[in-house]
There are 2 protein chains.
Amino acid sequence: MDRRRTEKNEEASAQGRPTLKTLAFMTGLGVTTVSRALKDAPEIGAETRRRVQLVAKQIGYRPNRAGVRLRTGRTNVISLVLNTDREIMSFVSDIIYGVSEVLAETPYHLIVTPYSRSQDPMEPIRYLVETGSADGVIISRTQPNDPRARYMLEHGMPFATHGRTDMGLVHPYHDFDNHAFASAAVRRLASMGRRRLALLSPPPGLTYYSHTLNGFADALSEVGASEIPFNTVSIDHTIEQIRMRTAQVMRRDVRPDGFVSSAAAATLAIVAGIEDAGLKLGRDVDVVSKQSSDLLHLFRRELLVVNENFRLAGSELARSVLGLIGGAAPGSLQSLVVAGDVQAFSPPVLV
Amino acid sequence: MDRRRTEKNEEASAQGRPTLKTLAFMTGLGVTTVSRALKDAPEIGAETRRRVQLVAKQIGYRPNRAGVRLRTGRTNVISLVLNTDREIMSFVSDIIYGVSEVLAETPYHLIVTPYSRSQDPMEPIRYLVETGSADGVIISRTQPNDPRARYMLEHGMPFATHGRTDMGLVHPYHDFDNHAFASAAVRRLASMGRRRLALLSPPPGLTYYSHTLNGFADALSEVGASEIPFNTVSIDHTIEQIRMRTAQVMRRDVRPDGFVSSAAAATLAIVAGIEDAGLKLGRDVDVVSKQSSDLLHLFRRELLVVNENFRLAGSELARSVLGLIGGAAPGSLQSLVVAGDVQAFSPPVLV
DNA sequence: TTGGCAATCTGTAACGTTTCAGTATATTGA
DNA sequence: TCAATATACTGAAACGTTACAGATTGCCAA
């Protein structure tokens, strides 16, 4: 008995990184007691609990993730699933930062799970669920009837979506009110006398495609303006495709005098196309665009912008998944950001 | 004996996800044999090996990461350490995709470890090393005397840096030849008759700051042009700061007639500042800028650009860390991308 | 026939954690 | 005084994997 103690001591003190065994030796307690003391279990004496926690803090004890994961199945990992070639650049960067910001105060790590054009979007989801590689998942490019959301719901994998679904199933989401954005954009253009409007929409299939379309259409009829069809391209197309298509439509007799664009990079292409056709922004045509960082006004000050905050989306999504994992009701973890005002260029204040 | 077998069977078949035990039962072999067979150990019979691997593939066996990690210490994780508020937007997005691309074919996961302005850059590194949370690390914003690189070298943590160090220590890196970029930019501007050049440099402190400065200075003296000091701002400053500072310097009697800019977003600010001062790009001043996606020519076609491929950087860095983990010599895992030509706008080919 | 030796295969222990089923000790009620 | 009970703690087992130290078998030389 004494002998075993001694062996244990040596093992414990020889270790590089402290484990429960180390703490057990230092406090003279059993491993079980230490484990329970660290998580404030009620059957541990108040003083013992304090003592263990003090020592743990002193020597910088951190639970071994592999040990916890093997024993409990909890990974302490949140996975952000991203499309490798269709995702908006600033979206990736900002949402990662937003998620990180929230996870930083928790034991959770962020792993990025990519999938590419060629792959089935379900593949990374199935992988995560089957291998139990994450405690929670965040997905983007959400569809009205999203097989990924359905699958995760069926398999009990906590998740949050960027964008809403429309399947009659309730789950956490964060969304930007694209209906409001498109309406506000149309109203603004109408107020400037623009009457023939074109919409560069999100890719059909995603939920916010119809939100945007509806907002656009609702406001069109409200203000009595008409639509110039522009639905052979979406913001998923390349800069070149959008540019060329814009130039084409602008060379027609009946051409748009206003554009609503759902993404900043696409807006650059639209403007380029407008100018390719020999027309001038602000004179012949106006453009309202969403943007996620304040760059469009540097590009052309005639542009009208509405800001969408992806970093906020990231934090909200992270908070939602954590909440869900923590047992909160999915319905209470949904947020919708109302679109801000359409903003014209305002010159920077010189200091 | 028979009884134990039976118990094992039941356990094995009741399981959701197959483990070595499941495979052992199905093949009638021992767990050890299965484990060894899966990794092509020589002391396993050729037929047994094939049989085990076949069954494993059939039932979709995937090693449990926690088990492996606990036993071996190998995490199968590569960590990308990013600064949350100073990193270039497209850099984050592209490098993540580049890394993912390479890791996708391996058992490795990518975890993003962020740190913010307020934090010591060493903190995430120490965390990773102390907790053994990753098998390899990728860092950016590399400094000539980089404490993170030194620390990881001392502690045997495999890593690769984006950018070189200058400490006489050899480690994997990937870098863009910023000396060549700055020289080429200066030569191009000189060839257009520009004589008073300003440089918007990377932040002082980073290794490629001096590379850029030296390339700029070397070419300046080579072509006999002069420098207009512009070192109160760097690409780490805000758009507004750069814009204002540019406007200031452009309103002076002796003002730059050429700019070299180390980042695309900063170039937008420079151009805005130039125009704030009532001057015209292409007439009064020319600007050569690095960019990582082909957007600057949409912005102003007078801009001259040099492309830097961050996605390539990501893949190269990932390949390097994996190589290092695999035992390759660090010196063989270094790559330097020569800067491409300075490119003027060329109109898109209409299809 | 025997010993030796490859060639294959196997059980046990350990990684660090949590859970289960306890065991001591002190405290209470009668 | 005794049993019952609450309090505070503990060892053993298990999660899935790999490394170590065997064990079994067949074959060949002597």
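Below, chain A is the first sequence line, B the second, and so on; all start at residue 1. If you're wondering where the values come from, they're calculated on a predicted model, not measured in any experiment.
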Go through [options] for me and flag the one nearest to the [X] side chain.
X     : options                : answer
B:T48 : C:dC9, C:dT18, D:dT18  : C:dC9
A:T19 : C:dG16, C:dC9, D:dA19  : C:dG16
B:N64 : D:dG16, C:dT17, D:dT18 : D:dG16

Check the distance between [N]'s [atom2] and [X]'s [atom1] and give it to me in whole angstrom.
X     : N      : atom1 : atom2 : value
A:R69 : D:dG16 : CZ    : P     : 13 Å
B:R49 : C:dT8  : CZ    : C1'   : 11 Å
A:E47 : D:dT7  : CD    : C1'   : 15 Å
A:N76 : C:dT17 : CG    : P     : 13 Å
A:Y61 : C:dT18 : OH    : P     : 6 Å
B:L70 : C:dT18 : CG    : P     : 12 Å
B:L29 : C:dG11 : CG    : P     : 10 Å
B:L23 : D:dT17 : CG    : C1'   : 13 Å

Check your understanding: Quick one: are A:M122 and A:Y151 in side-chain contact, heavy atoms under 4.5 Å?
Key -> yes
Margin query: With heavy-atom distances below 4.5 Å as the criterion, would you say the side chains of B:T142 and B:R164 are in contact?
Written below: no
Subject >> Any A:T72 side-chain nitrogen or oxygen under 4.0 Å from OP1 or OP2 of C:dT18 >> reply: no
What nucleic acid atoms does A:S35 come within less than 4.0 Å of, heavy atoms only: base, sugar-phosphate, or nothing?
-> base
- [ ] Give one of base, sugar-phosphate or nothing for B:T32, where a contact means two heavy atoms less than 4.0 Å apart.
- [x] base
*asked:* Centre-to-centre under 6.0 Å for B:Y173 and B:H162, is that the case here?
replied: no
Of B:I44 and B:R71, the one whose closest nucleotide on DNA chain C sits nearer the 5' end is B:I44
Please test B:I95 against B:L317 for side-chain contact (heavy atoms from CB on, under 4.5 Å), starting from the C-alpha separation and ending with a verdict.
CA-CA 9 Å; B:I95 205 164; B:L317 286 166; 3.8 Å; yes
Closest non-hydrogen atom pair, B:M167 against B:A149: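 Closest approach of B:M167 to B:A149, heavy atoms only: CE-CB, 3.8 Å.
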